[in-house]
Structure formats: structure tokens, C-alpha cells
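The first residue of the sequence shown is numbered 1, and numbering continues consecutively from there. Since this is a predicted model, take the numbers as computed values, not measurements. Heavy atoms only: backbone and side chains are in, while hydrogens, waters and symmetry mates are out.
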Amino acid sequence: MSQTITSRINQIRANIPPQVKLVAVSKYTTTEAVRAAYAAGIRDFGESRVQDSKVKQTELADLTDITWHMIGSLQSNKARQAIAQFDWIHSLDRLSLASQCDRLIQELGKSPKLLLQVKLAEDPHKSGWTEAELLGDLPQLEKLQNLDIVGLMTILPLGLNEAQAYEVFRRLGELAAKLRSLGWTNIKELSMGMSADYAIAIKAGATIIRVGTQIFSDFSSREHI
């Protein structure tokens with residue numbers, strides 16, 4: 001297992017720019033596989049379920065320099081746990097959740113880096129602000145002084161061809177530039193691209209890619225990203 005995972009990670013790294021952060025999506029794999037990826041140099045791991053992640057994080061507590069990324073949809077009743085457990089949250093997807101996180105961050109004294117999840121293509125199965133909704137909510141978001149918002153995240157709907165995927169990713173970069181022009185100068189990260197489409201995302205300016213299948217396939221009984 002260790003040799004296979006190391007080989008896969010090395011192959012991915014050979015095809016991405018050094019400045020792009022590789023988050024290994026470990027949400028459906030074992031702690032042994034995470035340890036193998038860690039031994040291969042990975043320090044950023046992505047999880048999508050708060051409770052499952054807590055078990056894994058406890059088992060891996062000896063690996064003290066792991067950075068944990070919450071990449072799944074965040075329910076309001078899990079926000080407190082997520083803020084306590086994660087260094088990054090990629091899925092801040094609505095104003096009410098942002099307001100709740102603002103209060104919890106002040107209360108807990110822990111401030112993860114936050115990404116605003118944006119939905120740039122029609123998809124009833126994905127959450128997130130539309131561009132118009134996000135621009136409309138900016139005045140309220142500005143009032144939330146405890147949030148360390150550093151970028152944007154998007155997930156593609158199923159069924160897009162390469163040109164359509166590139167267009168969605170390109171638009172996320174354009175939106176980030178628009179936000180910076182409006183004074184949101186900390187919006188620098190673009191979390192976009194997974195196993196099937198990260199090469200397209202990088203061409204469109206991704207700074208963070210989230211890769212599960214290409215690293216951990218065959219080391220889980222469940223479906224990967």
C-alpha cells in the first residue's frame with residue numbers, strides 16, 4: 001500500500017505546479033492509508049464528515065503537523081465541532097452559517113481559514129452562493145469581523161465537458177478578482193478541481209486541488225472523490 005500511494009502522489013506532484021496545494025481527500029480511506037500519504041510528504045488532508053473525522057484525527061494525533069481541511073457540506077449543528085477540529089473550512093456556503101461561525105470563532109478562540117463556496121453552474125445537488133447572491137451579501141459579510149476568509153471554492157456539476165468545466169473554473173477566478181477589486185484583498189485562494197478535473201482547474205488558476213481517487217482508490221470500501 002505504501003509504495004502504491006507514494007507512487008501516485010509523486011505522479012500527481014510531477015504534473016502540478018509547486019505552488020498549488022495538494023489536499024489528499026482522505027474522507028473514505030483508512031488511517032493506515034493516511035499514514036502512507038503522510039510518509040510520502042502529504043500534510044494537507046480533506047474530510048467531509050465532522051464525526052468521522054474526529055475519530056481519524058484522534059487516531060492520527062501523533063502526526064502533529066497535519067493540516068485538516070473540512071471539504072464537505074457543513075450543517076449548522078456541526079459548525080462548533082468543525083471550527084474546533086479543522087484548520088481550513090472550504091464549505092462556508094451561506095450567510096446564516098457565516099454569522100454562526102463568526103460567533104463561534106469568537107467564543108472558541110480558534111479561527112480556521114475559510115473559503116466561500118460558490119455555485120457558478122445550475123446544480124440542485126450542490127450548495128453555495130450564486131455570484132449575484134454573494135455580491136448581494138458582501139455588506140453583511142463585511143460586518144463579521146472574526147472570519148478569516150481567504151478564498152473561494154466551487155464543485156462542478158456532473159456531466160460537463162472539458163470546455164464547460166474550464167469556463168466554470170475561469171469564472172471563479174474572475175469572481176475572486178472582482179471581490180479583490182471591491183476591497184476583499186484576502187481573497188487569494190481558489191479551491192477547485194478534483195481527481196477527474198484538477199488539470200483543467202489548474203489551467204484556470206486553481207491554488208488548491210482536492211484529490212482522493214487518484215491517491216486512495218483500492219484502499220477503501222466506499223466511493224472516493
Side-chain angles (χ1 to χ4, degrees), residues 19-21 23 46 48 69-80 82-83 86-106 110-194 197-198 200-210 225:
Q19 69 271 19
V20 172
K21 185 188 299 291
V23 175
S48 64
H69 297 250
M70 174 65 182
I71 61 170
S73 179
L74 181 56
Q75 299 173 350
S76 295
N77 64 352
K78 300 294 185 182
R80 175 183 293 273
I83 289 166
F86 289 92
D87 305 292
W88 289 66
I89 295 175
H90 292 230
S91 48
L92 193 64
D93 62 1
R94 58 197 183 276
L95 182 59
S96 60
L97 181 62
S99 298
Q100 181 185 12
C101 287
D102 185 69
R103 295 191 300 271
L104 290 170
I105 285 168
Q106 184 174 38
K110 188 175 186 298
S111 183
K113 295 185 182 299
L114 301 170
L115 301 173
L116 306 178
Q117 183 171 345
V118 183
K119 183 166 64 172
L120 295 174
E122 192 62 36
D123 187 342
H125 304 294
K126 301 289 189 302
S127 60
W129 278 278
T130 66
E131 180 173 351
E133 288 168 346
L134 180 56
L135 292 173
D137 282 346
L138 285 181
Q140 290 92 333
L141 283 170
E142 280 192 75
K143 296 175 183 177
L144 305 177
Q145 296 297 307
N146 300 307
L147 302 182
D148 185 13
I149 299 171
V150 298
L152 305 178
M153 185 272 264
T154 198
I155 303 172
L156 292 182
L158 297 176
L160 300 188
N161 62 34
E162 184 171 333
Q164 291 169 327
Y166 179 83
E167 179 62 15
V168 172
F169 291 145
R170 185 192 64 79
R171 286 177 57 202
L172 192 72
E174 281 191 346
L175 178 57
K178 180 182 291 187
L179 294 178
R180 289 193 294 270
S181 75
L182 294 172
W184 288 71
T185 55
N186 288 340
I187 301 291
K188 297 176 181 177
E189 304 289 349
L190 295 176
S191 174
M192 56 188 194
M194 299 187 289
D197 51 38
Y198 69 79
I200 303 168
I202 289 171
K203 289 180 183 177
T207 65
I208 303 171
I209 59 173
R210 311 178 303 273
I225 275 183

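- The two residues L92 and C101 come nearest to each other via the heavy atoms CD1-SG, 4.0 Å.
- Closest approach of A206 to V20, counting heavy atoms only: O-CG2, 3.6 Å.
- Taking all atoms of both residues into account, the shortest heavy-atom contact from S73 to D93 is OG-OD2, 4.4 Å.
- Here the rule is side chain to side chain contact (heavy atoms under 4.5 Å, CB included) with L115, and of I71, V150, L152 only V150 fits it.
- With values rounded to the nearest 0.5 angstrom, T130 atom OG1 is found 10.0 Å from L175 atom CG.
- Side-chain contact of E189 with T207: a donor-acceptor pair under 3.5 Å is present, judged by distance alone.
- Atoms CH2 and CG, on W184 and L116 in that order, are 7.0 Å from each other to the nearest 0.5 Å.
- Each of D197, D123, V168 was checked for a side chain to side chain contact (heavy atoms under 4.5 Å, CB included) with L160, and the lone residue meeting it is V168.
- Without hydrogens or angle criteria, R80 side chain to L104 main chain gives no donor-acceptor distance under 3.5 Å.
- Residue-environment remark: CD (Q106) stays at or below the threshold of 12 foreign heavy atoms within 6.0 Å.
- Looking only at side-chain heavy atoms (C-beta outward), N186 and I149 stay at 4.5 Å or farther from each other.
- The environment of K113 atom NZ is sparse: at most 12 non-hydrogen atoms of other residues, nucleotides or ligands sit within 6.0 angstrom.
- Between S99 and R103 there is a side-chain heavy-atom pair separated by less than 4.5 Å.
- Summarising the geometry of I155 relative to M194, their closest heavy-atom pair is CG2-CE, 3.8 Å, with the distance given to 0.1 Å.
- Counting heavy atoms from C-beta on, the side chains of R171 and E131 come closer than 4.5 Å.
- Residues Q145 and E142 approach most closely at NE2-O, 2.6 Å, considering heavy atoms.
- Within the 4.5 Å cutoff, side-chain heavy atoms of L138 are placed close to those of L179.
- Using a cut-off of 4.0 Å between Lys/Arg side-chain N and Asp/Glu carboxylate O, E167 and R170 are scored as salt-bridged.
- Within 6.0 Å of CD in E162 there are 12 or fewer heavy atoms belonging to other residues, nucleotides or ligands.
- Side chain of Q140 to backbone of L95: no donor-acceptor contact under 3.5 angstrom is found.
- Two residues are said to be in side-chain contact when any heavy atoms from C-beta on lie closer than 4.5 Å; K78 and M70 fail this criterion.
- Heavy-atom minimum distance, G173 versus L190: CA-CD1, 3.8 Å.
- Distance alone, capped at 3.5 Å, places no donor-acceptor pair between the K126 side chain and the P157 backbone.
- At a threshold of 4.5 Å between non-hydrogen side-chain atoms, the residues L141 and L134 count as touching.
- Going from atom CG of D148 over to atom CH2 of W88 covers 8.5 Å, rounded to the nearest 0.5 Å.
- Applying the 6.0 Å contact sphere to NZ of K178 captures no more than 12 heavy atoms from other residues, nucleotides or ligands.
- With hydrogens and angles left out, the side-chain atoms of S127 and R94 include no donor and acceptor closer than 3.5 Å.
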